[in-house]
Novice: 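What follows is a single structure, and I will ask about it in a moment.
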Amino acid sequence: MAEKEISDILKDNSLTFANYVILNRALPDIRDGMKPVVRKLLLAMHDDNAYTNVKSASVTGLMMKSYHPHGNCYKVIVNQVHKDGVLTPFLIGKGGWSHHYSRAGASAERYTEVRLSPFAKYVLDDLKKKSVDYIDNFDGTLKLAEVIPIQFPSILHYSQEGIAYGMANKMPSFNLNELNDAVVKYIQTKEKTTLIPDFASGGLIVKNDSVFNQINYVAGTDEEKKKNKSASLYSFKLRAKIDIDGNILYVREIPYETTIDDIFDKVREQSKNGKLKEITDIVSMQGKGSSGIKITCKKNTNMDLLLEKLYSLTPLECPF
């Protein structure tokens with residue numbers, strides 16, 4: 001048996017590991033827009049006929065047994081259930097799931113229930129048509145669909161990020177109707193549509209046509225990578241949706257990249273150091289039938305000026 005240099009062994013093993021992480025763990029597949037763990041989760045629940053509520057713990061146990069042995073996938077389930085985190089959820093939850101906009105975690109998996117959404121059923125029903133290839137699972141005991149037979153460019157519909165071995169992705173979500181209209185328009189006329197991101201959390205996007213043109217048509221191309229190393233060139237600003245009523249600000253929707261807890265902490269910090277001395281109180285309006293933040297200010301406050309200060313000094317405005 002020929003001897004190998006330790007440097008060659010390390011290189012070979014490292015490349016094998018890198019290939020696995022990039023293709024099978026961290027990054028979405030352009031064909032169905034899903035990371036492997038999300039795809040396996042949907043397949044596991046479909047195989048288990050989980051179209052009515054089942055214990056989340058049963059799903060995570062099934063996943064670790066036959067589909068995804070790398071660890072507990074409950075966080076993935078939680079992320080898929082959040083209606084303010086995913087534009088078109090594949091899963092519907094029952095129980096204490098918290099929210100995308102909150103630091104508070106979901107209840108333990110033994111207390112929550114989950115099922116596949118009607119949209120997931122619509123997508124997974126096409127597995128009956130044998131329209132995709134099947135591959136072995138990790139131990140050769142099951143055959144799994146290599147990709148989900150999804151019928152639209154879902155990689156653009158779901159906001160997601162991942163860090164692999166020397167590679168990373170961070171993608172905003174885009175509106176499903178606008179995506180489909182753009183596809184039909186391109187097929188019929190070859191005319192491209194500049195798409196503007198859309199987030200399940202709501203909020204406002206600061207309009208910047210040049211940035212959106214770069215995101216749609218330039219960012220990621222080999223030529224652009226050579227010219228620019230900075231990803232911040234392609235960031236855009238998200239703002240909370242805020243209503244003014246006298247000397248009260250009602251924060252109705254917040255940027256996708258922050259939480260209500262982050263906003264509370266920063267507003268209180270800036271109030272204490274005198275930069276937001278106009279604010280007298282901040283309270284959460286979270287509860288049955290209501291949501292958001294109520295910010296009470298001193299009388300005769302210039303509310304428009306205060307709003308600009310809040311966008312500047314707090315996560316009520318965030319880059320993506």
Side-chain angles (χ1 to χ4, degrees), residues 20-121 123-124 127 135 137-138 142 144-148 150 154-165 167-173 199-201 256-257 259:
Y20 177 80
V21 170
I22 291 168
L23 295 179
N24 295 290
R25 293 295 298 278
L27 303 181
D29 190 309
I30 197 170
R31 293 172 292 179
D32 60 8
M34 296 182 191
K35 290 183 181 181
V37 65
V38 176
R39 183 183 309 116
K40 292 172 186 175
L41 173 62
L42 298 184
L43 291 173
M45 293 183 69
H46 174 73
D47 292 345
D48 201 41
N49 200 31
Y51 290 98
T52 56
N53 288 335
V54 298
K55 279 289 185 185
S56 301
S58 299
V59 178
T60 57
L62 177 63
M63 281 284 284
M64 283 192 284
K65 178 183 177 183
S66 302
Y67 293 81
H68 190 77
H70 307 291
N72 192 305
C73 69
Y74 187 52
K75 186 176 180 181
V76 177
I77 296 175
V78 172
N79 290 341
Q80 290 298 314
V81 167
H82 283 165
K83 293 180 181 178
D84 60 331
V86 183
L87 284 172
T88 309
F90 285 112
L91 304 181
I92 297 173
K94 179 182 178 183
W97 290 95
S98 188
H99 299 276
H100 172 80
Y101 60 67
S102 174
R103 284 188 206 152
S107 299
E109 59 202 273
R110 62 185 179 275
Y111 298 124
T112 61
E113 298 178 8
V114 66
R115 70 180 189 270
L116 290 164
S117 69
F119 179 72
K121 186 178 189 305
V123 169
L124 293 165
L127 289 170
I135 57 176
N137 71 333
F138 69 94
L142 283 176
L144 305 179
E146 187 175 18
V147 292
I148 299 292
I150 205 155
S154 61
I155 195 163
L156 296 175
H157 184 53
Y158 292 97
S159 181
Q160 53 190 313
E161 59 184 295
I163 300 174
Y165 200 95
M167 298 179 119
N169 83 299
K170 184 177 178 72
M171 299 180 65
S173 51
F199 294 93
S201 60
Y256 188 81
E257 291 288 89
T259 67

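The shown structure was predicted, so the numbers you read here are calculated from the model rather than taken from an experiment.
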Novice: Which is it for L42 and V123 under the side-chain contact (heavy atoms from CB on, under 4.5 Å) test, yes or no, and what are the steps along the way?
Specialist: CA-CA 10 Å; L42 298 184; V123 169; over 6 Å; no
Novice: What distance separates I150 CD1 from L124 CG, expressed to the nearest 0.5 Å?
Specialist: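 The CG atom of L124 is 8.5 Å from CD1 of I150, to the nearest 0.5 Å.
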Novice: Of all the heavy-atom pairs spanning P172 and F199, show the shortest one and how long it is.
Specialist: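 Closest heavy-atom pair between P172 and F199: CB-CZ, 3.6 Å.
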Novice: Determine whether a donor-acceptor pair (N or O, by modelled atom type, separation under 3.5 Å) exists between the side chain of T259 and the backbone of S102.
Specialist: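 Judged by distance alone, no pair lies under 3.5 Å.
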Novice: Quick one: pull up CD in Q160 and CG in N169 and give me the separation to the nearest 0.5 Å.
Specialist: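 So the CD of Q160 and the CG of N169 are separated by 6.0 Å.
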Novice: In Å, rounded to the nearest 0.5 Å, how long is the span from OG of S98 to CZ of R103?
Specialist: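 With rounding to 0.5 Å, OG (S98) is 12.0 Å from CZ (R103).
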Novice: Got a second to check how far H99's NE2 is from S201's OG, nearest 0.5 Å?
Specialist: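 One finds 13.0 Å between NE2 of H99 and OG of S201.
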Novice: Judged by atom type as modelled, is there a donor-acceptor pair below 3.5 Å linking the side chain of S154 to the main-chain atoms of H157?
Specialist: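 Flag not set: sc S154 to bb H157 has no pair under 3.5 Å.
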Novice: Taking side chain to side chain donor-acceptor pair (under 3.5 Å) as the definition, give me every residue that meets it alongside Y111, ordered by chain and number, with sequence neighbours left out.
Specialist: none
Novice: Would you mind writing out the side-chain donor-acceptor pairs for residues 27-37 within the sub-3.5 Å range, not counting sequence neighbours?
Specialist:
| unit_1 | atom_1 | unit_2 | atom_2 | d |
| --- | --- | --- | --- | --- |
| D29 | OD1 | R31 | N | 2.8 |
| D29 | OD1 | R31 | NE | 3.0 |
| D29 | OD2 | R31 | NE | 3.3 |
| D29 | OD2 | R31 | NH2 | 2.8 |
| D32 | OD1 | M34 | N | 3.1 |
| D32 | OD1 | R39 | NH2 | 3.1 |
| D32 | OD2 | R39 | NE | 2.7 |
| D32 | OD2 | R39 | NH2 | 3.4 |
| D32 | OD2 | I148 | N | 2.9 |
| K35 | NZ | E161 | O | 2.4 |

Novice: How about R25 and H68: do any of their side-chain heavy atoms sit closer than 4.5 Å?
Specialist: yes
Novice: Rounded at 0.5 Å granularity, tell me how far CG in N53 sits from OG in S58.
Specialist: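 Taking CG in N53 and OG in S58, the distance rounds to 11.5 Å.
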Novice: Is any side-chain heavy atom of N137 closer than 4.5 Å to one of Y67?
Specialist: no
Novice: How close do Y256 and S159 get, heavy atom to heavy atom, and via which atoms?
Specialist: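 Smallest heavy-atom distance, with atoms named: CE2-OG, 3.5 Å.
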Novice: Taking all atoms of both residues into account, what is the closest heavy-atom pair of S173 and Y158, and its distance?
Specialist: CB-C, 4.0 Å
Novice: Ring centroid separation for H82 and Y101, is it under 6.0 angstrom?
Specialist: no
Novice: Considering non-hydrogen atoms only, spot the tightest contact between K65 and F138 and give its length.
Specialist: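 Heavy atoms of K65 and F138 come nearest at O-CZ, 3.4 Å.
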Novice: Is there a side-chain contact (heavy atoms from CB on, under 4.5 Å) between L127 and L43? Walk through the geometry before answering.
Specialist: CA-CA 10 Å; L127 289 170; L43 291 173; 3.9 Å; yes
Novice: Could you tell me the separation between the CD atom of E113 and the OG atom of S107, rounded to the nearest 0.5 Å?
Specialist: 11.5 Å
Novice: Report the C-alpha separation of Q80 and V114 in whole Å, then their side-chain angles, then the decisive distance to 0.1 Å, and conclude whether the side-chain contact (heavy atoms from CB on, under 4.5 Å) test is met.
Specialist: CA-CA 10 Å; Q80 290 298 314; V114 66; over 6 Å; no
Novice: Just so I know, are the side chains of I77 and M63 near enough to count as touching, which here means a heavy-atom distance under 4.5 Å?
Specialist: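 I77 vs M63: side chains apart.
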Novice: Strictly by salt bridge (charged side-chain N to carboxylate O under 4.0 Å, His left out), give each pair with a member in residues 73-94 just once, sequence neighbours left out.
Specialist: none
Novice: What is the ring orientation for Y51 with H46, classed by angle as parallel under 30°, tilted 30 to 60°, or perpendicular over 60°?
Specialist: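 Y51 and H46: perpendicular rings.
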Novice: So among T60, N79, T112, which one has a side chain to side chain donor-acceptor pair (under 3.5 Å) with Y74?
Specialist: T112
Novice: Kindly indicate whether the side chain of K121, heavy atoms from C-beta on, has any atom under 4.5 Å from the side chain of L116.
Specialist: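 In short, these two side chains do not touch, never coming nearer than 4.5 Å.
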